[in-house]
Amino acid sequence: MTFVQTPLFSDAYERSSRQLPVLGEQRDIAYVGTRAKNVLNDPQVTKMGFWSINPYIGCAFGCTYCYARYTHRYVMERSVTADVLTEDVRQSAAAMPPWLAFERRIFVKQNAAEVLARTLRHGSDKHLRLIQGETILIGTATDPYQPAERRYRVTRGILEVLAEHPGMDIVIISKSPLVTRDVDVLRRIARHSSLSVHLSLITLDRALARRIEPRAPTPEARLRALARLRESGIDAGINCMPVLPGITDDPRGLEALVKRASELGATFVSVSSLRLRKTAQQRYFPFIEREFPHLAAHYRKAYATTWHLSDRYRASLGTFFDKLCRKYGVEGGMGRSDAEEEGEAERETRLPAQLGLWGE
Ligand code: SF4
């Protein structure tokens, strides 16, 4: 991959020291440098049951179902209001819908490591909470090993800081084999902390994956990464999330995925079904209409008044996965969010035969 250093870098600072520099451009993607005030998101603020870190804002992998697109819109709006974008970035982002800006205008938190080091100084309130068992997830809203990481190494810097703090509980979520570049620091962390790498993979079918996740690494590349991590003694498994109804919920396909993960030593396979908030629908529905037109009406109906699938579908999926995981001897279960939402939903014992249940 070639990153072109743009001449805007120096010009921008001459025009205004407040403006965020364009660090580089690659094809149609611009990388904008930013300095974060805080990188460790508090569970009380996010309303999630864990701390989170996202080294980048926006994600170049551009998965059609991505639920995180709405976060980018707020950042763009705040940046425009604060007048910190260069004219080129502002105009080009304004010319594209927010869901596309999420993929094409990536903010790089250049100072993330130093901010985190300050936040985690020994004896600080956050440090104490984290060494008492609270979990940090890296990559909840954007992929920490997206292409930008190859050059900017923000995620690696964060991991270097975490390696200095024993007693943590850390989870990394990614679709990229680039995570294996950092095996050395991952092993250092794992010596003194609990560490787990969750590789996201929804299908083994390369051509299908390319349609759904156009710029993400191939399934084979992710599986090779899984094998490499396990060979290196790192706890790692698969997040089969989200299962797309009518597209990737074919029982044979799911079984092949769990079997392959188990053969490569995955310590777990987690699953959850597709959630679609409004901003995600703006990207996903046109994709369905173009690529899977026979499913369009089913999707419109299923998500007309809610952003997740029926309790019945989710419970059936969970039960099916439990059986698969038992069969192949791997830990498994519903992903965190689906398990939390599932509540008292009655668990079905039979498999949802693709379109059979999901519109109900
Ligand atoms: S890798 Fe994750 S954050 Fe990036 S586009 Fe895909 S779903 Fe969204």
Side-chain angles (χ1 to χ4, degrees), residues 39-41 43 46 48-61 63 66-68 108-109 112-113 115-117 119-120 130-131 133-150 152-202 213 216-217 221-241 261 264-270 272 331 335-337:
V39 293
L40 185 60
N41 302 315
T46 60
M48 298 189 287
F50 44 80
W51 298 83
S52 57
I53 297 176
N54 288 293
Y56 301 93
I57 302 168
C59 184
F61 286 156
C63 307
C66 182
Y67 64 86
V108 180
K109 297 180 187 174
V115 171
L116 184 65
T119 305
L120 292 184
L130 287 166
I131 59 174
E134 295 187 22
T135 305
I136 304 177
L137 263 66
I138 302 175
T140 54
T142 60
D143 199 302
Y145 285 100
Q146 59 179 291
E149 173 62 16
R150 201 173 291 282
Y152 303 114
R153 300 167 76 91
V154 180
T155 301
R156 186 175 171 95
I158 286 167
L159 295 178
E160 295 276 8
V161 172
L162 293 174
E164 299 298 312
H165 295 275
M168 302 257 176
D169 182 20
I170 300 161
V171 172
I172 300 169
I173 304 169
S174 179
K175 286 186 169 73
S176 174
L178 184 57
V179 63
T180 60
R181 178 200 65 187
D182 292 341
V183 156
D184 59 330
V185 65
L186 296 176
R187 289 173 84 161
R188 267 193 280 138
I189 292 173
R191 259 183 240 139
H192 308 291
S193 290
S194 164
L195 172 73
S196 181
V197 178
H198 294 213
L199 287 155
S200 306
L201 180 66
I202 61 170
E213 303 163 339
R222 293 179 232 178
L223 290 169
R224 280 197 299 275
L226 171 67
R228 168 95 198 279
L229 290 169
R230 294 300 298 130
E231 284 158 15
S232 305
I234 308 291
D235 182 87
I238 294 293
N239 278 1
C240 182
M241 304 177 186
L264 294 174
T267 55
F268 61 87
V269 183
S270 301
S272 73
E331 289 274 326
R336 197 181 290 256
S337 54

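Residue numbers start at 1 and run along the sequence shown. No hydrogens, no waters, no symmetry mates; every other heavy atom, side chains included, goes into these values.
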Verify, without hydrogens or angle tests, whether [X] (side chain) and [Y] (backbone) share a donor-acceptor contact under 3.5 angstrom.
X: Thr267; Y: Ala236; value: yes
X: Arg188; Y: Ala163; value: no
X: Thr142; Y: Tyr56; value: yes
X: Gln146; Y: Gly58; value: yes

Among Arg181, Lys109, Arg156, find the one that has a salt bridge (charged side-chain N to carboxylate O under 4.0 Å, His left out) with Glu149.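 Of Arg181, Lys109, Arg156, salt bridge (charged side-chain N to carboxylate O under 4.0 Å, His left out) with Glu149 is met by Arg181 alone.
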Heavy atoms, side chains only, cut-off 4.5 Å: are [X] and [Y] in contact?
X: Arg228; Y: Ile234; result: no
X: Pro177; Y: Tyr145; result: no
X: Leu40; Y: Val115; result: no
X: Leu162; Y: Ser193; result: no

Can you name the closest pair of heavy atoms from [X] and [Y] and give their distance?
X: Arg230; Y: Gly265; result: NE-O, 2.6 Å
X: Val154; Y: Ala112; result: CG1-CB, 3.6 Å
X: Ala141; Y: Asn54; result: N-OD1, 2.9 Å
X: Pro55; Y: Ile158; result: CG-CD1, 3.8 Å
X: Ala216; Y: Lys175; result: CB-CD, 4.0 Å
X: Met48; Y: Pro43; result: O-CB, 3.1 Å

What verdict does the side-chain contact (heavy atoms from CB on, under 4.5 Å) test give for Val171 and Phe50, after you've listed the backbone C-alpha separation in whole Å, the side-chain angles of each residue and the deciding distance to 0.1 Å? CA-CA 10 Å; Val171 172; Phe50 44 80; over 6 Å; no
Starting at [atom1] of [X], measure out to [atom2] of [Y] and round the result to the nearest 0.5 Å.
X: His198; Y: Ile173; atom1: NE2; atom2: CD1; result: 6.5 Å
X: Arg187; Y: Leu195; atom1: CZ; atom2: CG; result: 12.0 Å
X: Ile138; Y: Asp143; atom1: CD1; atom2: CG; result: 11.5 Å
X: Ile202; Y: Asn239; atom1: CD1; atom2: CG; result: 12.0 Å
X: Ile53; Y: Thr155; atom1: CD1; atom2: OG1; result: 9.5 Å
X: Asp184; Y: Ser232; atom1: CG; atom2: OG; result: 10.0 Å

Verdict with supporting geometry, Phe61 and Ser176, side-chain contact (heavy atoms from CB on, under 4.5 Å): CA-CA 10 Å; Phe61 286 156; Ser176 174; 4.0 Å; yes
Any chance you could lay out the side-chain contact (heavy atoms from CB on, under 4.5 Å) test for Ser200 and Glu213, step after step, and finish with the verdict? CA-CA 11 Å; Ser200 306; Glu213 303 163 339; over 6 Å; no
Residue that, paired with Trp51, satisfies side chain to side chain contact (heavy atoms under 4.5 Å, CB included) out of Thr140, Ile136, Asp169, Leu137: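 Result for side chain to side chain contact (heavy atoms under 4.5 Å, CB included) with Trp51: Ile136.
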Stepwise side-chain contact (heavy atoms from CB on, under 4.5 Å) check, Leu186 with Leu229: CA-CA 9 Å; Leu186 296 176; Leu229 290 169; 4.0 Å; yes
